[in-house]
Number of protein chains: 2
Amino acid sequence: MAFPVCGPRPRNAAATRASILEAAQNRFARESYDDVGMRDIAGDAGVDPALIVRYFGSKEGLFRAALDHCHEGSTLLDGDRETFATRIAHEIVYGTKSPKKMQGLQIILRSMSSARAMEVVQQQSCEQFMNPLTTWIGGDHGAVSARMAAALMMGMTVSKEITGGLDLSEAECRSLEQRLARVLQDIIDGA
Amino acid sequence: MAFPVCGPRPRNAAATRASILEAAQNRFARESYDDVGMRDIAGDAGVDPALIVRYFGSKEGLFRAALDHCHEGSTLLDGDRETFATRIAHEIVYGTKSPKKMQGLQIILRSMSSARAMEVVQQQSCEQFMNPLTTWIGGDHGAVSARMAAALMMGMTVSKEITGGLDLSEAECRSLEQRLARVLQDIIDGA
DNA sequence: TGGCTTTGTCATCAGCTGTTGACAAGCGAA
DNA sequence: TTCGCTTGTCAACAGCTGATGACAAAGCCA
């Protein structure tokens with residue numbers, strides 16, 4: 001990425017590590033754990049695959065580090081409560097294909113079904129996504145509301161994936177955004 | 001499956017083919033396309049892996065056939081419109097880990113992120129799931145409503161997967177079932 | 001019986017994967 | 001300089017995967 005056509009990489013462990021991590025995040029956000037190879041990531045980062053093992057121990061270690069480094073909950077829940085639903089709805093409908101905002105969520109969804117990544121995904125998605133959301137919503141029905149809200153967000157992302165990018169008219173997109181925001185807000189408000 | 005500890009398999013092409021197909025459906029509903037090996041399916045069906053290639057051409061061919069053979073839309077949309085949401089909600093909250101009813105949906109979700117299976121998944125999920133649902137809901141906002149309803153159903157399934165089976169108290173499960181039914185019904189009614 | 005097709009099995013292949021250990025080069029300290 | 005540690009590269013490995021083609025046996029027809 002950073003040094004595409006140079007000779008040997010400049011000796012800078014921290015920068016190299018960061019470079020690998022960023023390449024891994026981008027790859028894992030677009031392809032599943034199984035589909036992404038160490039050689040792919042190493043290539044993106046302009047590094048030898050063996051270096052990944054040295055820095056992160058294994059592919060699973062790198063995956064865990066990549067997911068760790070997202071801090072999804074905070075970025076997603078930033079902002080005031082009243083506009084949460086509209087912000088999310090807008091992001092879902094009009095957000096770019098792989099927005100930085102939802103990168104953690106993307107990685108989780110992409111690799112959810114891979115047996116090897118499953119353990120990491122379960123742990124991290126609870127710690128970084130489900131639990132913060134539950135706390136943020138709060139109240140007696142926080143857990144239930146969080147499941148439903150998360151389901152709607154994740155499901156819409158899945159739905160986009162399946163149909164290959166929404167596939168709706170402009171008017172329908174607007175309608176979707178509005179309805180999504182309302183349903184989401186109702187869920188959060190415990191209606 | 002059918003003949004676990006016999007010698008050579010009885011010569012019956014149709015039965016053997018069906019046996020392979022069933023084994024494939026069960027496997028693909030529980031594990032992702034990449035995680036399931038031809039040897040696994042062949043083992044379940046009590047058959048040599050080479051036979052799968054003979055009958056289905058390739059792993060992808062078998063996957064397509066397995067997904068083809070589900071007829072998800074019809075089984076899911078059977079029943080009257082008024083109770084649709086409650087039926088689905090109940091199925092989601094209290095349904096078994098891998099219900100026959102939602103097997104097609106399970107297969108789609110499991111392999112959604114595999115690049116190799118993606119093309120098949122996209123095509124089949126539209127034909128067998130999204131389009132029937134859109135038609136069934138009908139009206140001007142059918143497409144939008146279908147996306148949202150599908151998102152909620154798929155998202156809840158994903159959510160269950162991620163947290164490792166709901167992980168809610170009995171009271172919370174009841175609450176979830178009720179709220180899910182209401183939200184789903186509202187979506188379908190275009191509210 | 002002898003030949004032919006169908007059905008199923010076996011050994012094996014090429015390709016890819018994550019991982020390893022040996023090696024080269026940079027770089028600061030003595 | 002020379003030593004020693006760090007940083008990066010290279011070639012290679014074992015393991016697994018989907019797929020292939022040769023082969024065996026069953027069943028059928030004449």
Side-chain angles (χ1 to χ4, degrees), chain A residues 1-21 23-24 27-28 31-66 111 113-120, chain B residues 1-21 23-24 27-28 31-66 111 113-120:
Chain A
M1 250 0 185
F3 299 90
V5 282
C6 313
R9 210 190 156 79
R11 291 168 64 85
N12 184 341
T16 302
R17 219 191 105 99
S19 175
I20 293 172
L21 204 57
R27 278 278 179 179
F28 284 133
E31 300 165 68
S32 79
Y33 181 82
D34 292 314
D35 285 347
V36 174
M38 311 263 294
R39 287 163 179 85
D40 298 325
I41 299 172
D44 289 350
V47 150
D48 190 276
L51 210 57
I52 299 184
V53 178
R54 170 130 58 202
Y55 282 147
F56 297 93
S58 65
K59 186 185 179 182
E60 192 186 311
L62 174 60
F63 181 73
R64 175 172 269 116
S111 297
S113 49
S114 166
R116 291 209 178 83
M118 194 44 163
E119 198 188 334
V120 182
Chain B
M1 255 348 194
F3 300 89
V5 282
C6 313
R9 211 190 156 78
R11 290 168 65 86
N12 184 340
T16 302
R17 217 190 108 99
S19 175
I20 293 173
L21 203 58
R27 277 279 178 180
F28 284 133
E31 301 166 67
S32 78
Y33 181 82
D34 291 315
D35 285 347
V36 174
M38 313 256 300
R39 286 163 180 84
D40 298 326
I41 299 172
D44 289 350
V47 151
D48 191 274
L51 211 56
I52 298 184
V53 178
R54 171 131 55 203
Y55 282 147
F56 297 93
S58 66
K59 185 186 179 182
E60 192 186 312
L62 174 59
F63 181 73
R64 175 172 268 118
S111 297
S113 50
S114 166
R116 290 209 179 81
M118 195 44 163
E119 199 188 332
V120 181

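In this text the structure is predicted, and so the values were computed from the model without any measurement. Naming: A, B, ... by sequence-line order, numbering from 1 per chain. Atom set for the values below is all heavy atoms of this structure, side chains included, hydrogens, waters and symmetry mates excluded.
- Not one side-chain nitrogen or oxygen of A:Thr16 sits closer than 4.0 Å to the OP1 or OP2 atom of D:dT7.
- Summarising the geometry, the separation between CG on B:Leu62 and C1' on D:dT17 is reported as 15 Å, rounded to the nearest angstrom.
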I would like to know whether B:Lys59 and B:Ile41 meet side-chain contact (heavy atoms from CB on, under 4.5 Å); could you show each step before the answer? CA-CA 10 Å; B:Lys59 185 186 179 182; B:Ile41 299 172; over 6 Å; no
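- The distance between atom OH of A:Tyr55 and atom P of D:dT9, rounded to the nearest whole Å, is 10 Å.
- Of the two residues contacting DNA chain C, namely A:Lys59 and B:Asp48, the nearest-nucleotide position lying further toward the 5' end is that of B:Asp48.
- Relative ring orientation between A:Phe28 and A:Phe63 is described as perpendicular, the plane-to-plane angle rising above 60° on a 0-90° scale split at 30° and 60°.
- Whole-Å rounding puts the B:Ile20 CD1 to C:dG8 C1' distance at 10 Å.
- Distances were taken from every side-chain heavy atom of A:Val47 (C-beta onward) to each of D:dT9, D:dT17, C:dT7; the shortest belongs to D:dT9.
- In the set C:dG8, D:dT9, C:dT12, C:dG8 carries the atom at the smallest distance from any side-chain atom of B:Leu51.
- For the residue pair A:Ser113 / B:Ser113, a side-chain donor-acceptor distance below 3.5 Å is found, with atom types taken as modelled.
- Inter-residue side-chain proximity for A:Leu62 and A:Leu21 is flagged as met; some heavy-atom pair is nearer than 4.5 Å.
- The distance between atom CD1 of A:Ile52 and atom P of C:dT17, rounded to the nearest whole Å, is 13 Å.
- Between A:Glu31 atom CD and C:dC16 atom P the separation is 16 Å, expressed in whole Å.
- Residue-to-nucleotide proximity on DNA chain D shows that, of A:Arg11 and B:Met38, the 5′-proximal contact is made by A:Arg11.
- One interatomic measurement links the two molecules: CZ of B:Phe56 to P of D:dG18, which rounds to 15 Å at whole-angstrom precision.
- Checked against D:dG8, C:dG8, C:dT19, the side chain of A:Arg54 finds its nearest nucleotide in D:dG8.
- Within 4.0 Å (heavy atoms only), A:Ala50 reaches at least one base atom of the nucleic acid.
- A straight line from CZ of B:Arg39 to P of D:dA19 spans 10 Å, rounded to a whole angstrom.
- Side-chain atoms of B:Ser58 lie closest to D:dA19 of the nucleotides D:dA19, C:dT7, D:dT7.
- The nearest whole Å value for the distance from the CZ atom in B:Arg27 to the P atom in D:dT17 is 11 Å.
- Scanning all heavy atoms of the two residues, the minimum distance from B:Ser114 to B:Asp34 falls at OG-OD2, 3.0 Å.
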